[in-house]
There are 2 protein chains.
Amino acid sequence: MDDHLSIGDYVEGLFPQFEPALKQFIKDNGKVKKFTAGEQIMQTGQYMKATIIIAEGRVKLYREGNDGEEFFMYYLQGGNACALSMICATKQETSQVMAKAVDDTTVLMIPIGLMDDMMKQYKTWYYFVLETYRSRFEELLTVIDHVAFKAMDERLYFYLQKQYRELKSTEIKISHAEIASDLNSSREVISRLLKKMEQRGDVVLHRNFIEWLKF
Amino acid sequence: MDDHLSIGDYVEGLFPQFEPALKQFIKDNGKVKKFTAGEQIMQTGQYMKATIIIAEGRVKLYREGNDGEEFFMYYLQGGNACALSMICATKQETSQVMAKAVDDTTVLMIPIGLMDDMMKQYKTWYYFVLETYRSRFEELLTVIDHVAFKAMDERLYFYLQKQYRELKSTEIKISHAEIASDLNSSREVISRLLKKMEQRGDVVLHRNFIEWLKF
DNA sequence: TTAATCATGTGACAAAAGTCACTGTGCAGC
DNA sequence: GCTGCACAGTGACTTTTGTCACATGATTAA
């Protein structure tokens with residue numbers, strides 16, 4: 001991770017399709033903020049002051065239960081924006097989700113008050129926002145599919161597959177306890193299902209990481 | 001239900017806040033279509049040709065499982081637009097959900113090709129679209145909450161409460177089998193949980209309808 | 001090195017949810 | 001009035017998931 005990149009460098013690298021005036025606008029009005037791995041970027045109930053775009057790193061988006069359970073929904077990474085930070089932005093609403101940095105993460109923040117103007121002025125921004133809505137909406141539908149229709153063994157399989165694809169590594173570095181938390185299950189259940197997956201030859205279990213064999 | 005209303009009447013009645021030019025635009029370009037109770041308005045996998053706005057009646061939105069299960073997500077009624085029909089519209093995508101008319105229903109359809117222009121030309125349309133995205137997004141998050149964190153008894157309670165509030169009647173006219181289908185459960189489970197709710201004094205069970213007592 | 005802690009494995013049991021089989025009952029159409 | 005059918009109730013059982021209690025090995029901090 002390069003600490004010396006300016007907001008301009010990020011915008012150029014992430015959004016080559018943005019029109020020059022929009023890039024300039026973001027350079028003039030946006031801010032760069034850094035978070036360290038594990039830190040919370042958004043909290044449930046917090047007011048939205050800015051639209052958030054992930055520049056570098058990786059962020060996990062959670063929905064929180066009443067007793068502090070953290071149900072994992074999806075990842076955001078370089079070039080993704082938080083759809084809620086755009087939607088809430090326009091109405092000064094509070095966040096309905098929690099976002100946590102997985103790696104050290106850099107985000108771009110654009111004050112909410114500017115959203116309306118940007119949407120009208122910059123066609124490429126308008127398309128970016130619509131595409132953000134669309135893809136997050138679809139991800140939520142996929143989440144609903146899994147949790148509504150699938151049993152835990154299948155959900156676990158999809159979960160690991162997703163990790164493998166996102167992180168592009170066959171070594172999925174995560175504990176059984178964290179998987180259980182993300183799926184709102186319990187560690188013992190996950191351990192047992194993982195054992196079955198190992199017997200089936202889908203994975204090899206190690207301490208602190210899981211080796212994914214289905215590529 | 002009045003069969004003699006024109007598209008102009010619907011627009012005036014549902015969207016008084018729309019600017020006159022927008023109302024005129026919709027009158028010129030929109031179409032009215034009627035569906036009878038039980039009919040499907042959108043099918044999973046179908047291409048979106050128009051943005052759909054519910055004018056009269058009530059529509060249930062479902063996510064479909066691989067074996068034809070129908071998981072209920074939320075209602076749309078007069079003045080609501082289908083968020084997906086706006087999002088997909090801009091990218092010529094297929095529908096990810098199924099919509100079924102509960103009552104006889106009238107919808108306004110606006111060809112997708114006009115969305116971009118409308119967003120740019122009409123401020124009140126722009127706000128309407130954003131508000132539609134926002135509220136549907138929140139509904140999906142609520143659905144995820146229930147299905148991820150709650151047991152069936154609580155989900156059933158919320159389900160009935162929702163029916164009561166939407167339909168504004170203490171007589172919820174629905175069979176146990178349909179509730180089971182909507183919640184992706186089984187009739188026997190729902191029957192048993194309803195019995196418990198009756199013993200607790202939350203409802204009174206009748207043939208073909210449930211009487212809601214918690215107002 | 002020696003605890004203390006963390007990650008995992010596992011048996012036994014409990015609770016929730018789903019399935020099967022069968023019953024009864026109200027009602028619409030003949 | 002029958003007949004057939006949709007709707008609802010229920011006991012018995014299975015499967016899935018969650019919980020409790022421990023055990024074991026690896027890692028870390030003192």
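The model shown is predicted, which means the values in this text are computed figures rather than measured ones. Below, chains carry the letters A, B, ... as their sequence lines are ordered, and counting in each starts from 1.
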Peer 1: Whole angstrom is fine here: how far is it from CE in A:M152 over to P in C:dA16?
Peer 2: 16 Å
Peer 1: Check whether B:F137 forms a cation-pi arrangement with A:R136 (NZ or CZ under 6.0 Å from the six-membered ring centre, at most 45° off the ring normal).
Peer 2: no
Peer 1: Starting from C1' on C:dG18, measure out to CZ on A:F149 and report it in whole angstrom.
Peer 2: 16 Å
Peer 1: Under a 4.0 Å threshold between the charged nitrogen and the carboxylate oxygen, would A:E39 count as salt-bridged to A:K34?
Peer 2: no
Peer 1: Does the plane of the ring in B:Y159 sit parallel, tilted or perpendicular to the ring in B:F72? Use 30° and 60° as the thresholds.
Peer 2: perpendicular
Peer 1: Tell me the closest heavy-atom pair linking A:I112 and A:M48, and the distance in Å.
Peer 2: CD1-O, 3.8 Å
Peer 1: Between A:I52, A:I54, A:V11, which is the residue that forms a side chain to side chain contact (heavy atoms under 4.5 Å, CB included) with A:L108?
Peer 2: A:V11
Peer 1: Look at the aromatic rings of A:W125 and A:F128 and report parallel, tilted or perpendicular, splitting at 30° and 60°.
Peer 2: tilted
Peer 1: Would you kindly give the CG-to-C1' distance between B:D153 and C:dA17, to the nearest whole Å?
Peer 2: 11 Å
Peer 1: Applying salt bridge (Lys or Arg N to Asp or Glu O under 4.0 Å) between A:E70 and each of A:K60, A:R63, A:K100, report the one that passes.
Peer 2: A:K100
Peer 1: Taking only N and O in the side chain of B:K195, is any of them less than 4.0 Å away from OP1 or OP2 of D:dG9?
Peer 2: yes
Peer 1: Does anything in residues 169-180 of chain A come within less than 4.0 Å of DNA chain C? Heavy atoms only, and list the residues if so.
Peer 2: A:S175, A:H176
Peer 1: I need the NZ-C1' distance between B:K150 and C:dA16, as an integer number of Å.
Peer 2: 17 Å
Peer 1: Tell me: CG of B:L183 to P of C:dA17, nearest whole Å?
Peer 2: 11 Å
Peer 1: Less than 4.0 Å between a side-chain N and a carboxylate O, is that true for A:E139 and A:K162?
Peer 2: yes
Peer 1: Are the side chains of A:M197 and A:L160 in touch, meaning some heavy atoms are under 4.5 Å apart?
Peer 2: yes
Peer 1: How many Å lie between CD1 on A:I190 and C1' on C:dT10, as a whole number?
Peer 2: 16 Å
Peer 1: Would you say the side-chain atoms of B:D104 pair up with the backbone N or O of B:A37, donor to acceptor, closer than 3.5 Å?
Peer 2: yes
Peer 1: Distance check needed: D:dT10 P versus B:L193 CG, whole Å only.
Peer 2: 13 Å
Peer 1: Taking only heavy atoms on the protein side, list every residue of residues 200-213 of chain A lying under 4.0 Å from any atom of DNA chain C, sorted numerically.
Peer 2: A:L205, A:H206, A:R207, A:N208
Peer 1: For A:K196 and D:dT15, give me the distance from atom NZ to atom C1', rounded to whole Å.
Peer 2: 10 Å
Peer 1: For nucleotides 19-23 of chain C, give me every protein contact, N/O to N/O, under 3.5 Å, one pair per line with atom names.
Peer 2:
{"from": "C:dT19", "atom 1": "O4", "to": "B:R192", "atom 2": "NH2", "distance (Å)": "2.6"}
{"from": "C:dC20", "atom 1": "N4", "to": "B:E188", "atom 2": "OE2", "distance (Å)": "3.2"}

Peer 1: Does B:Q46 reach the main-chain N or O of B:Q43 with its side chain, forming a donor-acceptor pair under 3.5 Å?
Peer 2: yes
